[in-house]
Amino acid sequence: MAEKRVKPTFIGGQAALEGVMMRGKRMYALAVRTPDKHIDIRRVDFGKKRNKLLNLPIIRGIWSFLDSLIMGTKIIYDSAEMSGMDDLTEEKPSKFDKWLEKTFGDKLFEYIMMFSVVIAIGLGIIVFMLVPVGIAGLINRVVGLNRYLLSITEGLLRIGIFVVYIALISKMKDIQRTFQYHGAEHKTINCYESGDELTPENAIKHTRLHKRCGTSFLLIVMVISMIFFFFFKTPNIWLRLGSRILFVPIIAGISYEVIRWAGRSDNRFVNIISTPGMWLQKLTTKEPDLEQVEVAIAAMKTVLHYELGEGEPYTPAQAVVQESACCDTEPLCEVDSVD
């Protein structure tokens, strides 16, 4: 359940491979536990602010969703490098690898990230948007559903597929460890927002659930899509499939506004509508150990110091790695965003 916040913050984050990323409005910090047990911190400052048009309601949600996918992909790649995991799978470059490097040069990594994001979005639309339409259509042919029941069935199938997917991947050993870092991220943010001193011993006592979690955002997308398409009724299967693709950005934008509002409020109604997402977080977060919480605190303290001027930066055995700006937009994480 949600904790009472005495110091609400716009800082949120993301679990990474053996680490946690915390992000603010002007920078983010990625802290990773290295094979020699030190904590390596990579601090990245954002470039120029995004266009004012991208701050408009709904539009800001669409842009922030895409921006977070791109940034999230980069975080996974960077954490793999920092944790030494990419060394475990390093192989001799193939002819195709050499051709890619020769053709795209320094831009190769950016193209790989963009390709990964496109694939992720495409698979997400197919599995969570189009497949439920197809299954609901088959059920309709067998039992015969009116338009309202057809929309409700499709929506329930979408939520069911999503929950089953989360439940299945949560059984994977490597994913469970990432989910522990996800829990460490939430505990650290909850510790700070409660006013407690940021220490592993304090943070680990807090809940691993948080209202601004991306898991809750995705569930809200599912629910809003069910409500949205309840009023957009058509018996034509091809129009239904097309509408599910066409309206994905709008649904994401509306969902962003809902979770933005929920992240700012602590009233009873908000807590009630946030409850299903908090329940689902019990699958996407696991209880971390003190070392994992320490990594999350290292990232949090770095953002607090360099962006807000609070406290001293975390000082691990290894020095903070400086980087240039990674993009030309503000990150998704604000007081009104998902973590």
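Predicted, not measured: the structure shown is a model, and the values here were computed from it. Computed over heavy atoms, backbone and side chain alike; hydrogens, waters and symmetry mates excluded.
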Heavy-atom check, side chain of [X] versus side chain of [Y], under 4.5 Å:
X	Y	answer
L308	F10	yes
L246	R244	no
T207	K187	no
L69	I121	yes
I204	P200	no
I254	I58	yes
L219	I159	yes
H182	C213	yes

Which pair of non-hydrogen atoms, one from [X] and one from [Y], has the smallest distance, and what is that distance?
X	Y	answer
M129	S225	CE-CB, 4.2 Å
A136	L157	N-CD1, 3.8 Å
A203	V293	CB-CG1, 3.6 Å
H186	R208	ND1-O, 2.7 Å
M27	D45	CB-OD1, 3.4 Å
I11	V303	CD1-CG1, 3.7 Å

Practice task
Compute whether any side-chain donor of one residue and acceptor of the other, for E193 and H210, lie under 3.5 angstrom apart.
Solution key: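 Yes, because at least one side-chain N or O of E193 sits under 3.5 Å from a partner of the opposite role on H210.
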Problem - Side-chain donor-acceptor pair present, Y192, E310, cut-off under 3.5 Å - result: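 Y192 vs E310: donor-acceptor pair found between side chains.
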Just verifying a value: how many Å separate [X] [atom1] and [Y] [atom2], rounded to the nearest 0.5 Å?
X	Y	atom1	atom2	value
D196	T188	CG	OG1	11.5 Å
T284	L209	OG1	CG	8.5 Å
S170	L280	OG	CG	9.5 Å
N190	T9	CG	OG1	11.5 Å
I39	I297	CD1	CD1	9.0 Å
L130	L123	CG	CG	11.0 Å

Under a 4.5 Å side-chain heavy-atom rule over Ile, Leu, Val, Met, Phe, Trp and Tyr, are [X] and [Y] clustered together?
X	Y	value
V164	I139	no
M222	I161	yes
I135	V142	yes
W279	I224	no
L156	L218	yes

With distance as the sole test, does [X] use its side chain to make a donor-acceptor pair with the main-chain N or O of [Y] at under 3.5 Å?
X	Y	result
Q180	E287	yes
T285	G183	no
R158	F128	yes
N140	L150	no

Exercise for the section: Please say whether the positively charged group of R43, taken as NZ for Lys or CZ for Arg, lies over the ring of Y28, i.e. under 6.0 angstrom from the six-membered ring centre and within 45 degrees of the axis. Expected result: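 Judged by the rule, R43 and Y28 form no cation-pi pair.
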Pairing of [X] and [Y] as salt bridge, 4.0 angstrom limit:
X	Y	value
K25	E307	no
E294	K301	no
K37	E291	no
E257	R60	yes

Practice task
Take M22 and Q14 through the side chain to side chain contact (heavy atoms under 4.5 Å, CB included) test and state the conclusion after the steps.
Solution key: CA-CA 7 Å; M22 293 289 187; Q14 172 188 324; over 6 Å; no
Handout entry: Y181: which of Q292, E18, K286 passes side-chain hydrogen bond (donor to acceptor under 3.5 Å, both in side chains)
Key =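 For Y181, the side-chain hydrogen bond (donor to acceptor under 3.5 Å, both in side chains) test succeeds with only one of Q292, E18, K286, which is E18.
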Practice task
Give the intermediate values and the outcome of side chain to side chain contact (heavy atoms under 4.5 Å, CB included) for residues L304 and L198.
Solution key: CA-CA 11 Å; L304 289 172; L198 279 175; 3.7 Å; yes
Practice task
Let me know which of E197, H206, M300 forms a side chain to side chain contact (heavy atoms under 4.5 Å, CB included) with C191.
Solution key: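 It is H206, the one option of E197, H206, M300 that forms the side chain to side chain contact (heavy atoms under 4.5 Å, CB included) with C191.
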Exercise for the section: Evaluate the side chain to side chain contact (heavy atoms under 4.5 Å, CB included) criterion for residues L30 and I41: first the C-alpha distance (whole Å), next the side-chain angles of each, then the deciding distance (0.1 Å), finally the verdict. Expected result: CA-CA 6 Å; L30 172 62; I41 303 176; over 6 Å; no
Exercise for the section: Anything under 30° is parallel, anything over 60° is perpendicular, the rest tilted; go ahead and classify F247 against F228. Expected result: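 Aromatic pair F247/F228 classed tilted.
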Practice task
Verify side chain to side chain contact (heavy atoms under 4.5 Å, CB included) between V44 and R42, making sure each step is shown before the conclusion.
Solution key: CA-CA 7 Å; V44 179; R42 182 169 293 182; 4.2 Å; yes
